[in-house]
Each structure stands twice: as structure tokens, then as C-alpha cells.
Amino acid sequence: MPAVLNVYALPRYADPRQLAGGTAVVIDVLRATTTIVYALQAGATEIIPCGTVEETAARAGQFPREKIVLGGERGGRPLPGFDLGNSPEEYTADRVAGKTILFTTTNGTQALLHAQPAARILPAAFVNASAVLQRLLDEEQIHILCAGTDGQFSEDDILLAGLLVSRLENSGKQYVLNAQAQTARENWLHAFALPYALGAEPLPAEHLARELRKSRGAQNLLPLGYAADILAAALLDKFACVPEADPATLRIHLPQTENN
Ligand code: MLT
């Protein structure tokens, strides 16, 4: 039987009942899931997504202050009283190694919360795309949730969804795609058909960044001075790790073998 491969351009398009028993891939390229990958790769013990700033503050009270880092944004900007914003490269080993990160963002952490009914939840970004792809090859029910930006779809997320769809199909396994998966794949092929035809592999970060800059997410970030974050998000396969969120608690960690 062919495997199921669905893309949802926004979390609200995914009926939570459909996610049950499947694998949810949660994408917020600019910037939440990219930042999650950087933070875990820098040695953070775990990341706890929080829905609101108030919830973040309440949960912070359950930990010794020196054990946690408060991170996230609203409107792209760092939050008052928080330690870090939502720039991937802020999450360096000296700031986050050995720490629990309480993390709240406008769209990305909401998408993670929406994915909770799934049996397996994998935050994904371009920086760990091939590692996620490998992990997905054995899955029979894949639901890719794009976080979007301020309730609207954002091309940065759709592009990564399209890369995953295209490469899963190229693996030779049979998939049934929903309409949004087909559209995402076409977007990806349209954006990158020429460089691939010319043999551009691996994809140059600047080329991917050029596409990401056109997205709704980037249009919010550029006026705030976060151009470097877009480049950091475009470093395809910089890392080989696959973070996973525990569906019961949503705590995100790297499987033991990848965390050193
Ligand atoms: C979000 O979760 O809304 C985004 O990551 C926004 C941002 O880029 O800060």
C-alpha cells in the first residue's frame, strides 16, 4: 500500500484527528525550527515550547534560574526579561549547553502544539533537511505542518516541505500526496530546477537565501535587521541531527546517540 504524504500550508489546515498515529514534521524555517536545531546542536539539553509568554514565565518558576534559558520572540523582537531572542546563531554553547530552553514564538511553537496528537513529532529546517529525510524513509503516514507567518502561509516553509516531498518521491517508495504536497513539490522544483539541472549540489546557501528572502517571514525579519538569520537558515544540511518532541510533554531533545 502506498504511504501517505500530506503537506499543510498552515497548521489549522491539519485536522488533529488526522495526525493521530502518524509522524508530524513541523517546519518554521524563519525562524523557530531553525533555532531549535541550532540550540540543540549547541548542547541545550531540551527545549520546551510554550504557547504564551505568561505560560513561559509560569514554567520558568518550576526550575532553578541557572538551569534555564528563556528564548523567543513576538513580532520578531526579543521579549523583555528573556535571555535570548529567536536568532539561530544566538544559541551558542556558552549560552545554552546543559540548559533547558523555555521557548515561545509567534507561529513556530503554536505549530508544535498543534502537532501534539501525532505519534512522532520532528521539528525540521533546511539546516537538518537530509537527516530528517533519512528518518522519514521508514514512515508510512507523514504529515508536514508549515507554521506560516501571522496566520498566512510563508514560502520559506513551503519550500522545505517541497524539498522533502520531492526527495521522498525520488527515493522510489510510493506515496499518495494531498494537493498541498503536490503544490509544495512544484514550488520547490520551480525554484531550483535550473541550478539542479546545472549540477549545483549541494545547493549554495546564497541561492537558497535568495528564495527565502522573498517569503512573508523574511519580509517581517529584514526591516528588523535580521538578514543574517536568513543566511543561517539557508545552510542546507549544516547539521545531521533530528530533534524529536515527546508527544506527551512536547519536550524536544536529540536522541541520545546524536547529543554528543
Ligand atoms: C515564529 O515562530 O513566528 C517565527 O519564528 C517568527 C520569527 O522569525 O521570529
Side-chain angles (χ1 to χ4, degrees), residues 8-14 24-42 44 47-56 59 69-91 95-96 101-116 121-129 132 144-161 208-209 211-235 238-239 243 245 250 252:
Y8 302 98
L10 287 172
R12 66 171 181 267
Y13 297 158
V25 179
V26 178
I27 298 177
D28 185 5
V29 170
L30 298 176
R31 298 168 288 175
T33 53
T34 299
T35 297
I36 286 170
V37 178
Y38 269 79
L40 289 169
Q41 193 70 38
I47 295 175
I48 303 180
C50 301
T52 62
V53 176
E54 293 72 27
E55 182 196 338
T56 314
R59 295 190 77 161
V69 169
L70 303 187
E73 56 70 38
R74 283 297 179 273
R77 295 190 172 83
L79 288 153
F82 276 47
D83 304 301
L84 298 175
N86 192 19
S87 290
E89 290 171 327
E90 282 181 279
Y91 288 72
R95 289 171 171 147
V96 303
I101 298 176
L102 299 175
F103 193 55
T104 185
T105 72
T106 315
N107 308 281
T109 53
Q110 312 304 325
L112 285 160
L113 293 168
H114 193 89
Q116 195 157 16
I121 304 166
L122 307 176
F126 278 107
V127 295
N128 69 339
V132 171
I144 302 178
L145 271 69
C146 300
T149 298
D150 304 328
Q152 306 292 321
F153 75 79
S154 191
E155 297 80 352
D156 49 315
D157 302 333
I158 310 282
L159 276 178
L160 177 55
L208 179 52
E211 287 302 315
L212 297 182
R213 277 185 211 110
K214 297 176 190 167
S215 69
R216 193 182 296 271
Q219 293 310 310
N220 281 352
L221 295 176
L222 288 167
L224 299 175
Y226 291 126
D229 292 0
I230 298 170
L231 210 50
L235 298 171
K238 177 177 172 65
F239 303 118
L250 273 189
I252 304 168

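This is a predicted model, so every value here is computed, not measured. In listed order, ligands and their atoms are each counted from 1.
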Measure across L145 and A115 and return the closest heavy-atom pair with its distance rounded to 0.1 Å.
-> CD2-CB, 4.1 Å
Subset of ligand 1 atoms that lie under 4.0 Å from at least one heavy atom of G108 = 1 (C), 2 (O), 3 (O)
Neighbour count >12 (heavy atoms, 6.0 Å) for atom CZ, F153 | no
Could you list which atoms of ligand 1 come closer than 4.0 Å to a heavy atom of R31?
-> 4 (C), 5 (O), 7 (C), 8 (O), 9 (O)
Side chain S154, main chain T149, donor-acceptor under 3.5 Å = no
Quick note on ligand 1: atoms under 4.0 Å from a heavy atom of N86 include exactly 4 (C), 5 (O), 6 (C), 7 (C), 8 (O), 9 (O)
Near A32 (heavy-atom distance under 4.0 Å), the atoms of ligand 1 are 2 (O), 5 (O)
Quick one: which of L112, N86, D28 gives a side-chain contact (heavy atoms from CB on, under 4.5 Å) with I36?
-> L112
Ligand 1 contact on L221 by region, counting heavy-atom pairs under 4.0 Å | side chain
Answer yes or no: is there a donor N or O on one side and an acceptor on the other, between the side chain of Y38 and the main chain of A232, under 3.5 Å?
-> yes
For the student: nearest non-hydrogen atoms of P223 and A218, plus distance | CD-O, 4.4 Å
Looking only at protein heavy atoms, what sits closest to atom 4 (C) of ligand 1 is D28 OD2, 3.3 Å
Ligand 1 contact on T106 by region, counting heavy-atom pairs under 4.0 Å | both
Does ligand 1 have a heavy atom under 4.0 Å from the side chain of T149, from its backbone, from both, or from neither?
-> neither
Between S87 and D229, is there a donor-acceptor pair closer than 3.5 Å when you use the side chain of the first and the backbone of the second?
-> no
Check E73 against ligand 1 and report side chain, backbone, both or neither, counting heavy atoms closer than 4.0 Å.
-> side chain
